[in-house]
Amino acid sequence: MTGCHQKWNAERALATIRGLADVPGALLPVLHALHTDYGHVPDEAVPLIARSLRLSEAEVHGVISFYHDFRRTPPPAHTIRVCRAEACQSMGCEAVFQHLDGSTGPDLAVETVYCLGNCALAPAAMVDSDLVGRFSIAKADRALAELGARP
Amino acid sequence: MKVYVPRDAAALSVGAEAVARAIARLGPDAEIVRTGSRGMFWLEPLVEIETPAGRVGYGPVEPETVSSIFDGTHPNALGLVEDLPYLKNQERVTFVRCGVTDPLSIADYRAHGGFRGLETARNMAPAAIVEAVLQSGLRGRGGAGFPCGIKWRTVLNEPADQKYIVCNADEGDSGNYADRMLMEGDPFLLIEGMIIAGLAVGANQGYIYVRSEYPHAFRTLNDAVAIARDAGYLQGFDIDVRLGAGAYICGEETALLESLEGRRGQVRPKPPLPAISGLFGKPTVVNNVLTLAAVPTILDKGAEFYRDLGMGRSRGTLAIQLAGNVKHAGLVEKAFGITLREAIYDFGGGTASGRPLRAVQVGGPLGAYFPESLLDTPLDYEAFAARKGMLGHGGVVVFDDTVDLARQARFAMEFCAIESCGKCTPCRVGSTRGVETIDKIIGTHEPAKNLELLRDLCDLMVDGSLCAMGGLTPYPVLSALQHFPEDFAR
Amino acid sequence: MIHNANQIAAFFAAYPREEAVASVEDHLRKFWEPRMRRQLVEYVAGGGDGLHDLAIAATQRLAT
Amino acid sequence: MTDFGTPKRLSDTLVTVEIDGKPVTVPKGTSVLRAAAELGIAIPKLCATDSLEAFGSCRLCLVQIEGRRGTPASCTTPVESGMKIQTQSPKLAKLRRGTMELYISDHPLDCLTCAANGDCELQDMAGAVGLREVRYGYAGENHLASKKDESNPYFTFDPAKCIVCSRCVRACEETQGTFALTILGRGFDSKVSAGNTNFLDSECVSCGACVQACPTATLMEKTVIAQGQPEHSVVTTCAYCGVGCTFEAQMQGNEVVRMLPYKDGKANHGHSCVKGRFAWGYTSHKERVLDPMVRARITDPWQKVTWDEAIRHAATEFRRIQAKYGRDSIGGITSSRCTNEETYLVQKMIRAAFGNNNVDTCARVCHSPTGYGLKTAFGTSAGTQDFDSVEQADVILVIGANPTDAHPVFASRMKRRLRSGAKLIVIDPRRIDLVDSPHVHAEYHLPLRPGTNVAVINAIAHVVVTEGLVNGPYVAERCETAAFEHWCRFIAEERNSPEATAAQTGVPAADLRAAARLYANGGNSAIYYGLGVTEHSQGSTMVMGMANLAMATGNLGRAGVGVNPLRGQNNVQGACDMGSFPHEFSGYRHVSEDPTRSLFEAAWGVSLQNEPGLRIPNMLDAAVDGSFKGIYIQGEDIAQSDPNTHHVTAGLAAMECVVVQDLFLNETASYAHVFLPGSSFLEKDGTFTNAERRIGRVRKAMPPRNGMADWEITMALSTALGYTMHYAHPSEIMDEIARLTPTFAGVSYEKLDRLGSIQWPCNANAPEGTPVMHIGGFARGKGRFMITEFIPTEERTTPRFPLLLTTGRILSQYNVGAQTRRTPNSLWHDEDVLEIHPHDAEFRGIHDGDLVALASRAGETSLHARVSERMQPGVVYTTFHHPESGANVVTTEFSDWATSCPEYKVTAVEVRKTAQRSDWQQVYSETRASTTHVAGD
């Protein structure tokens, strides 16, 4: 997922956008597609999206900013998303999160997520694209070592 | 030799993939079938081996111990899986194939009774299908418990050139994972339910809106839809699987519709009901995954079969999802009516930590915190409502005695502040003020005055909010205040 | 002036000749200031070089 | 004015409910909030306003309904029969106070120093709900440190004061249709934004709808911030385009504080554009001339004189010229920017005091073919519909018009209708905004070659006739049979087919056929057109072509259809109605008609000429020839606006007395000998007639800054010429117009005040006016099909001039720019640029922003290039808002065959890169200063 994003290419992006423009309610699918390609929605994409989907640029900005998934800047190489919702709270996710929080750096983002649907194996986390159950400080350290993102 | 290894996200999260690889390596003649999960998550990865007597289970299995499952010496041998009391004591209707079949095998699905409901429905008039659903007593499983048949009837009777079936698969409530389990473990059931819904109301297009936190479910659904389309099941009614983008509020049906239309997921006022003016302004059925997944059974086995399960006005089965600090966390499908205590102790085996249970939150982050003294409440919409709680989607999150309910109350407000769409004032501003006010109470800054203010704020949010997000956020707060006042005065 | 008279004639050319001539004449009477009409009449009297035949016919009627 | 909270609903079904014990009956679909307001019960509200659909966000308007759970919002709850609603209770009071407490916990406490103090809905509501304390305190998380955006020249955006009610966002979407605003973020972080940028750099078109919708001081006019709240207001009509919006001039004494679009204005329904709403500062611009001036030669400096001296001088000169060169050696031009009364007086003075019919008006150069064509076909020189009609149109055909720039307020309504399902066809050489913009697009855009309108309309009619799409019963009942049959034979000829004409028009035959079918079969089809139709050598033919098409398909004589000119200037329709043309009296009656002339002769006490006078181009020709020597020009700038500048200025220079009456020393004034300072629309009483024949009152908000209203000046000049006029007030002029003009017979100021506005014809048959014309039958009796042979213009591209130039307008500037250039509107458009297609640019080595020479056989100028895919290859485009651009130096003398309306839209040109300004521009910049020098300044 991360690390395999393309360099911005307006022509290719336009082709991606136009390929989806006729889908009803195309904006979210378009933004997801750009995310898949570029890891974020570059500023340059906004006018292209707006024109292709017959939206105003303001609307596109409004939608991007509403959804926490959509980024305006390239992502760090790795992301660990720790679930901090109730089921995971009951199993001590907070300690794991606090443990990881200090590890944030240019190569690693530690983010909060509310529920990964793995509440029976709480605490849960998503290490890049891998879902991890029964997450713990030990598992967190192992993940950091594997990602090579230990500060 | 057939070996069954789950591909459910939860199983994968504890190493099912490595186990499957180890099996392939060590047992080259093993025919590995990837299934959904049985829902006994404490046993994951749960490996089952087909024997003449039935499927015997081993779990949890680690890659290092795989070799011992072939000779039956694995320390975690479970015997016949179907005979495990946890499964045996359930009434599996919706989840009957989950963990049993290959979720992406249409042949497997048919072999296990799939598409029988659809075949029945194809020979019925739309109104008759709606009537069957109405008679079954099926209520929306998303939380509000609105009678499904009435919604369908409204859509059926609304004249329009275009109607839609929208599956709300934005299951964002902590402690709830039944939708995910079903989408990953038996996606054709949902597809079948949607096709039937389309027949019933005259819709030709369906959308499944899946939250982005469920990448496995998204992939499985996409694959399943493609397979169903190739197999000719989606002629005249097609399904598009759409991905959310990190907004809890999009589980609210009108926000979901806005999101599907490509807009900010802001809540729409009702009226108009989505059944009259929904997606792109057209009459739309918006149903939860489990609601739609219950439909094929109703058509196949008859409305009576379904209606005969349950209690009071809560008919059929409930997917109880034991989660959090519970020993045997997992999915328990039972007819409505067992008590919370039975679920947590008889099935769940008490807390995982072994410490005393102090609080249970049922129904997700907007559900009330119940103390031990309310554990005998039956799992029934009305019974919960009578105790100022909410059965919701059936998620049960267990907390032991280390929990601080003032913190949990604060979190409820904080969660609302983070996830509010921001449209209405009680929710947009109120949630932030709620966090601040609870902080003042916890910090013993004029606690009496601020407690009164907090209660006023909760009343305002309950009565004044535009949707259930703001309207229900006070439930965990007020229940914490009511049942655990001592936590606010430490 | 010549250009404009020809434009008018060209528009009415789609009609039968009698109607066309009458229409051109009517147009010139209704919309052209007498000075301009006089100039046109003089131009036609001088040969009407380059003038549409309908314009010539209409102008000749103006003169009477 | 009462704000009913939610928009009016139209329904034949009525519903009766009981609110606070009082019964009220309202149309089905009405909100509880509005029903209560109609009873006079004001339920507190903030996010609701009756110009916008209900939103349900502020939660102040909660009510209790018997038998229902909870406290629904009254704005989003429609009435249902038998509902019993309670709007006040202790519970509701507590909820409302609680909500207000939340609002104020995140709001500055600066009411006393706030620009909205006294005009703030938040302040009002805090009072209404009895907020007494904010128990949360003010130390919580808030937005008070948010930065103010002052980038827009006319208003500020102060997010610290924002309550996130989204009224601005919704106004931009629903009312204006631009979608330039959004909410960024969500939850507590939600904030109004112009899309990640400031207002000036955003998509915002500065229409003011957001400012008007804002219930707080978040969006606020800078003038109000600077001057404070207005203390009285005057309802009047905008002096910009032909939409004719009604405004409230909000005043402090004789100073305008702001212009606010008037909710009851029937042309604009409370909406506005950047010009009418904000660009009124020119009225007090420092360049405005307030003293009369004279000079002997145009190279002399101007000498300030008294009104008496100036008027006496002008009169003496005119009489001297007439004595020397004859009665017909002088004439005058009325203004489409002045009132009906003023226009009427000018033509009266010319006919009665000058003693000739040498009167013309600037409609000559814009919509004269409309008058000719529609009169020929239908019998009336005016558009057939009211603006409201567009709401019932199913297919909208826009031809040669760019409403979003030139008629923005009507464009907003059109876009609203398009968003709600009507289909759009655009026939225009350029890809105008309507073709493809947020939430609006054209089903078909037929990008024709400039000059081929008639071929295209004929081809459309060909499809209608040959594919059996004619509305036979309609035609049989309503139109002249012989003319129709003759037309049918003509139009069905293969040479008129889309396939046969495609090569010439550049329009793909398949698209044209599809568009024709849509127009003919799509339900109510309405044509809206502009100067792209009229300003051609076949302008009148094209108008008749559209009339033919509408008659053939039965799209005339009811709401939702019609042939509708979008008039350029505020009073083009009125100027034409008032008898400004050399051949006709007011009400379009030819000067040769004896009974009419006798009527005027009797009323005016003079004998009148029975022959048509000179048109503007004829006057200039005659001046060059030496037979026309003096002219009175009121409020028009022919030296900038009329084609072929060289010829215009030569004509002006050849005259012995040019009298210009204007606000500014315009380009024509460079050639004037007498300058009479005019007054602005804010300074006089009168009426304007907009594009839908709507007569609206212009009301004096302040005394004339120059000392005399324009009608008083004309009166004085006439009197000085020996033809005494004595009107005490413009209403007396209108009374005279009504007496002498059958279509105006029922019009009076009293009735205008009572009804707000009136659409002519207004007489005994239609005492309250006529919104839609030709219902049941045409004004002339039977509709008349005319043969519209396509006769191409002689203006052709050549190897030397291989491109076609077409000209037009842009949103922020207006016409010759005399007004808008003297406002901050120039921020958006400070120079005219040449739009050119990338291929044409590349071929010539032209890059965006390069200075390019633009040359035709008439002349040459230079402009900066803008490379744009809106253009089609081979066509270039510019505007004529700035005199130094010299767009009309390039345009030619070719004109419409019937009306002499110039062919602005087709000029063969060449474009090349250049390093220097053209000769004309260099001479212009040298002479302009010397011809505008005022002695003593």
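Proteins come first, then strands; the chains are lettered A, B, ... in the order of their sequence lines, and each starts at number 1.
- Note on A120(A), A125(A), A85(A): by heavy-atom pairs under 4.5 Å with chain B, the leading option is A120(A).
- Every pair tested for ring-ring contact (aromatic ring centres under 6.0 Å, His included) that includes a residue from residues 9-28 of chain A fails, sequence neighbours excluded, so the list is empty.
- Remark: side-chain polar atoms of R264(B) are paired, donor with acceptor, to backbone N or O of G62(A) under 3.5 angstrom.
- The shortest heavy-atom contact between G25(A) and F280(B) is N-CZ, 3.6 Å.
- The line from CG of D173(B) to SG of C119(A) is 9.0 Å long, rounded to the nearest 0.5 Å.
- Heavy atoms of L121(A) lying under 4.5 Å from chain B belong exclusively to its side chain.
- Considering OH of Y214(B) and CG of N118(A), their distance stands at 9.0 Å, rounded to 0.5 Å.
- Of the listed residues A122(A), P123(A), G117(A), G133(A), the one with more heavy-atom pairs under 4.5 angstrom with chain B than any other is G117(A).
- Contact count versus chain A (heavy atoms, under 4.5 Å) is highest, among A178(B), C421(B), A352(B), for C421(B).
- Atom-to-atom distance recorded for F411(B):CZ and R84(A):CZ is 8.0 Å, nearest 0.5 angstrom.
- Of the listed residues A217(B), A329(B), P215(B), the one with more heavy-atom pairs under 4.5 angstrom with chain A than any other is A329(B).
- Distance check, rounded to the nearest 0.5 Å: CE of M126(A) to OG of S13(B) gives 10.0 Å.
- Proximity to chain B involves both the backbone and the side chain of V132(A), based on heavy atoms less than 4.5 angstrom apart.
- Residues R242(B) and V23(A) share a closest heavy-atom pair of NH2-CG1, 2.7 Å.
- Around the CZ atom of R134(A), the shell of radius 6.0 Å holds more than 12 heavy atoms that belong to other residues, nucleotides or ligands.
- Looking at P29(A), only its side chain comes within 4.5 Å of chain B, counting heavy atoms on both sides.
- Contact count versus chain A (heavy atoms, under 4.5 Å) is highest, among Y177(B), W42(B), Y207(B), for Y177(B).
- The CE atom of M91(A) sits 11.5 Å away from atom CZ of F399(B), with the distance rounded to the nearest 0.5 Å.
- Contacts of Q361(B) with chain A are made by side-chain atoms alone, with heavy-atom separations under 4.5 Å and no backbone atom involved.
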Exercise. Yes or no on side chain to side chain contact (heavy atoms under 4.5 Å, CB included) for Q89(A) and R407(B), after CA distance, side-chain angles and deciding distance?
Worked result: CA-CA 11 Å; Q89(A) 289 167 10; R407(B) 288 264 145 219; over 6 Å; no

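- Ranked by non-hydrogen atom pairs under 4.5 Å with chain A, the options V403(B), L12(B), L243(B) are led by L243(B).
- Listed by chain and residue number, D436(D) satisfy the salt bridge (charged side-chain N to carboxylate O under 4.0 Å, His left out) test with R54(A) (two or more places apart in sequence, or in another chain).
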Problem set entry | Pair Y114(A)-Y248(B), ring pair (Phe, Tyr, Trp, His ring centres under 6.0 Å): steps then yes or no | CA-CA 8 Å; Y114(A) 293 106; Y248(B) 173 79; 9.0 Å; no

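- F66(A) is listed as a side-chain neighbour of Q266(B), based on a closest heavy-atom distance under 4.5 Å.
- Looking only at heavy-atom pairs under 4.5 Å with chain A, the residue among G172(B), G422(B), P365(B), A412(B) that has the most is P365(B).
- Residues C115(A) and E213(B) have side chains not in contact (no heavy-atom distance under 4.5 Å, counting atoms from C-beta outward).
- Note: R211(B) CZ to L116(A) CG = 7.0 Å, rounded to the nearest 0.5 Å.
- Considering only heavy-atom pairs separated by less than 4.5 Å from chain B, the leading option among L27(A), V127(A), V63(A) is V63(A).
- Under a 3.5 Å cut-off, the side chain of H32(A) and the backbone N or O of G244(B) do form a donor-acceptor pair.
- For H216(B), the part sitting under 4.5 Å from any heavy atom of chain A is the side chain, from C-beta outward, and nothing else.
- Options A10(B), G39(B), G330(B), A247(B) differ in how many heavy-atom pairs under 4.5 Å they form with chain A, and the most are formed by A10(B).
- Donor-acceptor pairing under 3.5 Å is recorded for the side chains of S259(B) and Y67(A).
- Looking at every heavy atom in both residues, S174(B) comes nearest to A87(A) through OG-N, 2.9 Å.
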